[in-house]
Amino acid sequence: MAQTSTPLFNTFSRAPLRFERGEGPWLITESGERYLDFAGGVAVTSCGHSHPHLVEALKSQAEKVWHLSNLYEIPGQERLAARLVEATFADKVFFTNSGAEALECAIKTARRYHYSKGHPEKFHIITFEGAFHGRTIATIAAGGQEKYLEGFGPKAAGFDQVPFGDLDALKAAITDATAALLIEPIQGEGGIRTVPNEFLRELRTICDEKGLLLILDEVQSGVGRTGKFFAHEWAGVTPDIMAVAKGIGGGFPFGACLATEEAASGMTAGVHGTTYGGNPLAMAVGNAVLDIVLGDGFLQNVRDVALVMRQGLAGLKDRFPGVIAEIRGEGLMMGIKAALPSAELLQAMRQEQILGVPAGDNVIRLLPPLTLTAEEAREGLKRIEQAAEAVTAKAAPQAAQA
C-alpha cells in the first residue's frame, strides 16, 4: 500500500515484502519466495523462526493462562529470574515488555540508588555519541541523536554525552551530579562499533573509584549474540545494571533489567511497576530460549559459525574493495561498512533474497539466528557475493561514462 492510503502511522519506510511464515533462518513470502533472514527482526529471532521448542512452550502456556499482572506471584518469573541470576552478575531482575522499557528501568534504578543513599542531586548519566537506547522520551535523550530528538520538545534533563571512545572527555564530564555511565558494548544502530575491551575495563575502574554505577545496554548484543551469553564477558568486567531484550524472547516481545543487590536497593515496593511485564506467555518463551542458548555447546557453535562468516566476509572485502570497505562486529553481530551507499548494497542483497538491517555509519547489519549452521552461513555468503558482483557490474558503466 502507498503511504497515503495506509491506516498505519507513516513512521516506517517498509520494504515491499510480505512474509507469511518462517522456518529456521528462512522467511517465506505470500507467493512462496524464500529469503535467507540475516536481519533476524533486528537481532530478535535468536533461535530462528518457528523453533519447535519455543512454539511448544508458547502453545502449552496459552492453554493455561495468558495474563495475571504482578498482583500475584508468577512461577515462570521466579524460574527465569533465578536462571538469569545464576548465569550472570545479577542478583535481581525486573521484567519489561521491550528494550526501551528495560533501559527506562535501568535509568530509574541508577537514579533511585543515589536518591536512597541521600544524594538526590546525583541523577546525571553519561552516554556516548552514536548510541541508541530506545524511542521513549528518556531513552532518546540518552541516545542523544538529533534525528530522534527533533520535534519532541526539550530534551529530557540529566544526560551528558561524550565522544565515542574518548576517555579524557569522559573523565572531564564527570561531576558531583553524575550517577552512572551507560554504554552499549557494541553499538548496533550506530554501525556495529565495538567498544574495546580495555575501554570497558577502564569504565569499570572509573565507576569503582568515583562511586558511580556502570549500566550496560545489551539489548542487541546479549543472549548469545556475540558468542558469549553477554558481550561484556569478553572484557572480563561486570556491570551494576544491565538492560536486556530482543533475543531473550526469541521473537516474543519482552525485556529485562538486571542489577546487583546493591544497585537495586533503592527499588522498593511501589516505586516502579508494569502491567504486562513478566506475563506468563513471555516467561514461558524466555525459559525455552534459555533452554537452548544455555545448552551444552550452543555458544561454542555460535563462535564456530561466526568464524565461517568472518573469514568469508573478509574474503569478499578483499575481492570487492569498491563495495565493502570494512567488516565489523563480534560473533553473529556483524556489520558490512559499504564503500558506496549502503542502500545500494542492501537492495542488491534483497534481489539475491538475503535480508540485512541498515545502520548508521553506512553499515549493513548481519544478525542471523544463533542457530545458523555453517552450511547456511556459506549460503548467505554466496548471496552476499552475488549482490556485490551485481553492484560492481552496475557501477562499471556509470564509472566509464563519468
- With respect to Leu313, which candidate in Asp318, Ile324, Ile336, Val308 satisfies the side chain to side chain contact (heavy atoms under 4.5 Å, CB included) definition?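 With Leu313 as partner, side chain to side chain contact (heavy atoms under 4.5 Å, CB included) holds for just one option, Ile336.
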
Verify whether one side chain among [X] and [Y] offers a donor that lies under 3.5 Å from an acceptor in the other.
X: Thr392; Y: Glu389; result: no
X: Asn279; Y: His67; result: no
X: Glu218; Y: Ser221; result: yes

Strictly below 4.0 Å, N to O, side chains only: are [X] and [Y] in salt-bridge contact?
X: Lys382; Y: Glu385; result: no
X: Lys171; Y: Asp166; result: no
X: Glu23; Y: Arg34; result: yes
X: Glu189; Y: Arg365; result: yes

Nearest 0.5 Å, please: how far is [atom2] in [Y] from [atom1] in [X]?
X: His133; Y: Thr139; atom1: NE2; atom2: OG1; result: 9.0 Å
X: Leu27; Y: Asp37; atom1: CG; atom2: CG; result: 4.5 Å
X: Thr127; Y: Leu170; atom1: OG1; atom2: CG; result: 10.5 Å
X: Asp217; Y: Ile241; atom1: CG; atom2: CD1; result: 12.5 Å
X: Leu200; Y: Thr205; atom1: CG; atom2: OG1; result: 11.0 Å

Which residues pass the salt bridge (Lys or Arg N to Asp or Glu O under 4.0 Å) test with [X], not counting sequence neighbours?
X: Glu261; result: none
X: Arg303; result: none
X: Arg111; result: none
X: Lys210; result: none

- Message: Students often mix this up, so state it plainly: with edges at 30° and 60°, are the rings of His51 and His53 parallel, tilted or perpendicular?
- Response: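 Ring orientation, 0 to 90° scale: perpendicular.
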
Just jot down the ring pair (Phe, Tyr, Trp, His ring centres under 6.0 Å) partners of [X], sequence neighbours excluded, or say none.
X: His119; answer: none
X: Tyr148; answer: Phe132
X: Tyr35; answer: Phe19
X: Phe95; answer: none

- Message: Could you check, using the six-membered ring where one of them is a Trp, whether His114 and Phe123 have ring centers closer than 6.0 angstrom?
- Response: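 So the answer is no for these two rings.
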
Only pairs at least two apart or in different chains count here, so list each salt bridge (charged side-chain N to carboxylate O under 4.0 Å, His left out) that has a residue in [range].
range: residues 119-130; result: none
range: residues 132-146; result: none
range: residues 49-71; result: none
range: residues 80-107; result: Arg83-Asp291

With heavy-atom distances below 4.5 Å as the criterion, would you say the side chains of [X] and [Y] are in contact?
X: Val195; Y: Glu184; value: no
X: Leu71; Y: Leu68; value: no
X: Met333; Y: Leu367; value: yes
X: Val42; Y: Lys246; value: yes
X: Ile364; Y: Pro358; value: no
X: Ser46; Y: Val289; value: yes

- Output, in order, the C-alpha distance, side-chain angles, deciding distance and verdict of side-chain contact (heavy atoms from CB on, under 4.5 Å) for Met309 and Leu332. CA-CA 8 Å; Met309 285 290 299; Leu332 290 176; 4.2 Å; yes

